[in-house]
Amino acid sequence: MKRFLIGLVLGASSSGITWTVTQDRGWTAVVGLVVLVLVWIGEFILNDLL
């Protein structure tokens with residue numbers, strides 16, 4: 001649950017920053033979803049790499 005909330009907050013924050021810079025809905029959605037997914041599965045990726 002903790003990782004979900006962190007991903008949600010970071011995804012929304014990155015989307016807000018992207019929207020402020022680009023004013024493009026496509027880039028905003030892509031960046032927000034990528035950050036959200038990377039936070040969710042990042043632990044598994046890091047465990048495999050280390």
Side-chain angles (χ1 to χ4, degrees):
M1 185 68 174
K2 181 180 176 182
R3 191 171 50 209
F4 172 76
L5 293 175
I6 291 171
L8 189 63
V9 168
L10 289 177
S13 298
S14 63
S15 291
I17 292 168
T18 304
W19 178 255
T20 302
V21 173
T22 65
Q23 299 290 314
D24 183 20
R25 290 182 183 176
W27 277 113
T28 301
V30 168
V31 169
L33 289 174
V34 166
V35 170
L36 182 67
V37 169
L38 285 178
V39 169
W40 282 349
I41 64 170
E43 181 181 359
F44 302 118
I45 293 171
L46 287 176
N47 287 340
D48 289 342
L49 291 176
L50 299 176

What heavy-atom pair brings Thr20 and Gly16 nearest, and what distance separates the two atoms? OG1-O, 2.8 Å

Linked, directly or transitively: Trp40 and Val35 (ILVMFWY side chains, under 4.5 Å): no

Sorted by chain and residue number, the side chain to side chain contact (heavy atoms under 4.5 Å, CB included) partners of Ile6 (sequence neighbours excluded) come out as Lys2, Leu10, Val39

Closest heavy-atom pair and its distance - Trp27, Thr22: CB-OG1, 4.3 Å

Would you name the heavy atoms of Ser15 and Gly32 that are closest together and state the gap between them? OG-CA, 3.1 Å

Nearest-0.5 Å distance, OG1 of residue Thr28 to CD1 of residue Ile17: 11.0 Å

Which ILVMFWY residues can you reach from Leu38 by hopping between side chains whose heavy atoms are under 4.5 Å apart? Val30, Val34

